[in-house]
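The next block holds one structure in the form of structure tokens; read it before the comments.
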Amino acid sequence: MRSGARTGLVILVGLATVAVIGPWFAPDHDIQGNLLTGTLQLPSAAHWLGTDALARDIFARLAYGARVSLTVAGLAVAVATVIGVWVGLTASAPSRVLAGVAERAINLGLAMPRVIVLLVLLAGTGQIATGWLGLVLGLTGWPAIARLVRGEALRLREAAFVAASQALGASSGRVLWREILPGTLPALLVAATLGVADAVLLEAGLSFIGVGVRPPTPSWGNMIYEARDHLMDAPWLLLAPCVALVLTTAAATLLGESLRRSLLPESR
Amino acid sequence: MTRALVQVEHLVKHYRGSGLFARNDQTVQAVADVSFAIAPGETLGLVGESGSGKSTVGRAVLRLEPPTSGVVRFDGVDLATVPPAELRALRREMQIIFQDPFASLNPRRTVGASVAEGIEIHKLAPRAEVPHRVAELLEEVGLDASYANRYPHEFSGGQRQRIGIARALAVSPRFIVCDEPVSALDVSVQAQVLNLLLDLRDQRELAYLFIAHDVALVRQIAQRVAVMYLGTIVEIGPARTVIDAPRHPYTQALVSAVPEPDPDRNKARIILAGDPPSPVAPPPGCPFVTRCFHPLKDERCSAQRPALRLVAEREVACHYAETIADQAVAAAQ
Amino acid sequence: MTPLLEVCDLNISFPHATGPLSVPVDDVSFTVSAGELVALVGESGCGKTLTGLALPRLLPRGAEIGPQSAIRFAGTDLTRLPDRAMRSYRGRRIAMVFQDPMTSLNPVMRVGRQIAEAIEAHQSVSRAETRARVLSLLGEVGIADPGQRIDAYPHELSGGMRQRVLIAMALAAEPDLLIADEPTTALDVTVQAQILELLDRLRAARGMAVLLITHDLGIVAGRADRVLVMYAGRLAESAPTTTLFRTPAHPYTQGLFASLPRLDHEARRLTPISGTVPRPDQWPAGCRFHPRCPVAIARCAEQRPPFALVGPDQRAACWVAQGVTE
């Protein structure tokens, strides 16, 4: 495996591990410690990354935040992929009517400004479950995947081995399932991996402005928001979530680009 | 006389727009009124250059693409009127071998899976027996049975072509369209694959529509040959008759241009002037009129499209086919 | 008379490539005299294209010509020249026409301009004179209506015309040697005949030497003066054309002839060469053809046969052809 992919994968696995088991090793992320003396502490043995303004353990919040961010991103990518593949394959269908409808749907979806739509959808809600957040992100993210799948499927339809299958008597369903869909997988994998990076960043941004994950549930985005007031006296408040965000995004991108290089040599 | 296995009547295929030859608003007349018949066990060669429409004919006969008009009958059944389920069943009988051995196999499937595909689709054997059938087929085309678990990229062009043939044979067809089956192969391998096709034809009594641009190759394998130019058949008849003593000027030029590995054969070469016209705007009269060198060529040729008619034991589409000399005419221009 | 081109023991390798070490072109020697048309024939992977590219030193990155090799052009050893000096040879004295006319022309530049560039690269001529020369070249390569075609873009021309343009570009600086690498493979048979006819005519008119690289033995007959047959990186046989076709000495050449369908062939089946062309990383020891050879003897597997004379003007790298029996 290429070094880029390996690095990315290691980081992501590490983060996922931290997300899953991290919160057990640290004090509960919700508990506010001693508000008189325990706030804004530097990293110590008790608090690995220090405490924040409400005397909460930063490491615990970071780890829980990782759980939140990765869940939202994972769900977003999953939903976007499922819808995107379905619409994308329909848009490549031989039937002009079906393909036309799907194509227009994709174009419409691509034309809509994703962030604005998300703001509109999320601004009115109160505390939102991470599951719903992931779903909403996925529902606005499928057009890009659909476009990709459509492109790949159209290309594959021209391939001689697809014609051979048809000549053998394969039904169009079989052709789709056994020849075309597997052919789109490499491009899909790359898109999904890069999509994770995209989703993590998007979620952080939404949480930062207050429409994503709301406090007290920690998300790297709202942790960065809370760190604004203490840039001078407690910079580690900002550093921790920022580094986490950068690391995750970079790791996912590294992995995605590496996958692209090895799976899709033509797109170099 | 036995009924024809494959009967094509007035086949027409137009494409709209983009592609090699035209922009989006233009119509490409890839095939303009082609008719022929193939008897069971017979090989009909289809010869022509790029733009002649021969590949399109092959695909249309198999109904991989619906024709614009015209009828294709297989064993008497009009393929256009047949319900989809029955068409799928009919597909067992008519198969295709493609030109490009590198594109005709799914790179993600093992060789065995590709060969077995037809068997699975038509449920021709119980699941447990499939590997055995695949092994038999691979051996029939001269490959080791153990190759079934490998992937296409591990094989050479010639081997891949054999795999493609095995896949086509898996459903026991009676008719195979061979679309330039050896042109992408190395010279020393072409003969091997051609011999394989010949042997299979004898053993399985297959009919072939053998599409190629190599006239010498077609003469080797076909009993009858049809020469296509710009979407129409200009000459059709027994292979040796047409190729050894062509009557249509284009056929003469084609045969004369065949590179022959024999410096002693003093063949007068006919060098055609100009380039093949594009199928987007074919001339109204004889399609070959712009490059024809027949000494009797006149206005009738530009105005009236000649129909195929019987001359010297074959059919020719030329107003003056009787008067053309049997030997190659002196070089034009 | 000294030949125009003398290639001696040409060795091309890729010393830094990963994977098993092989020498794609191994000890190739031949000559081309002025006005001669020599054909270099072989199948894919035999090294003929690399050999052709080596002459104007246009080898791909990573390829190296062996230290014992010499390419003497009009007396000068080109392998010893620095790249700057080589540039005065390329185009000007040695010109090359590549295989695929679709991709060899710049799609966004008019063809007249491209030919003009070929002229201007080696001579300083006035605009007017360049244009006149381009028009004359277009006429010489048989393009009808040069005045109109000169401003055409490549995609507006057919395959045959594009190939003619490439030939015009190659001729622009009046080279002494023209290397044509599979110039007709991508073209229809009738167009192929036109292009070969053109090359022949130009050669006669200009006294130019031509090295024709091809896999098609058929186009060689009646056009080439001498033929070189390559197999798996080495020369298998070389002879004047008539001799090669009448009495081929190397079993590979014989096999090629037997396996080609011919218009006068009466037998139904063809006689193929058994086996497949080996990949470079699987080239056999000894004579590289021996696993497929119908007359191979024990020595063929052990010892590489020298490229020796087997007739007055015919060489073959084959023990059996050289009269060895064990």
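Throughout, a chain's letter reflects where its sequence line sits, starting with A, and its residues are numbered from 1. Please read all numbers here as calculations on a predicted model, not as lab measurements.
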C:Thr276 OG1 to B:Phe155 CZ distance, which is reported to the nearest 0.5 Å: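 Going from OG1 on C:Thr276 over to CZ on B:Phe155, the span is 11.5 Å.
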
Which portion of C:Glu43 sits near chain B, non-hydrogen atoms under 4.5 angstrom: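 It is both, since atoms from each part get that close.
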
Interchain contact, C:Leu260 with chain B, by part (heavy-atom threshold 4.5 Å):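 Answer is side chain: those atoms of C:Leu260 sit under 4.5 Å from chain B.
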
Which of C:Ile219, C:Leu217, C:Val189 touches chain B most, by non-hydrogen pairs under 4.5 Å: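 Option with the greatest count: C:Val189.
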
Option in C:Gly275, C:Gly142, C:Gly255, C:Ala224 with maximal non-hydrogen atom pairs under 4.5 Å from chain B: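 Maximum pair count with chain B is reached by C:Gly275.
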
I want to check something: taking the side chain as every heavy atom from C-beta on, are [X] and [Y] in contact at a cut-off of under 4.5 Å?
X	Y	answer
B:Leu194	C:Arg269	no
C:Val277	B:Ser156	no
B:Gln190	C:Pro272	no
C:Leu263	B:Arg219	yes

Neighbour count >12 (heavy atoms, 6.0 Å) for atom CD, B:Gln203: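 Yes, the 6.0 Å shell around CD holds more than 12 heavy atoms from other groups.
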
Neighbour count >12 (heavy atoms, 6.0 Å) for atom CD, B:Glu154: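 Correct, the count exceeds 12.
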
Any donor-acceptor pair under 3.5 Å from B:Asn195 side chain to C:Leu270 backbone: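 Yes, B:Asn195 side chain to C:Leu270 backbone: donor-acceptor pair under 3.5 Å.
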
Donor-acceptor contact present, side-chain B:Gln192 to main-chain C:Ile273, <3.5 Å: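 Here the side-chain-to-backbone pair exists.
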
C:His215 vs B:Asp186, side chain to side chain contact (heavy atoms under 4.5 Å, CB included): CA-CA, chis, key distance, verdict: CA-CA 8 Å; C:His215 67 269; B:Asp186 272 328; over 6 Å; no

Portion of B:Ile243 that has a non-hydrogen atom of chain C nearer than 4.5 angstrom: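 Contact with chain C: side chain only.
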
B:Leu254 versus chain C, the contacting section by heavy-atom distance below 4.5 Å: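 Interface part for B:Leu254: both.
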
Shortest non-hydrogen contact between C:Ser259 and B:Val187, atoms and distance: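 So the two residues come closest at OG-O, 4.2 Å.
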
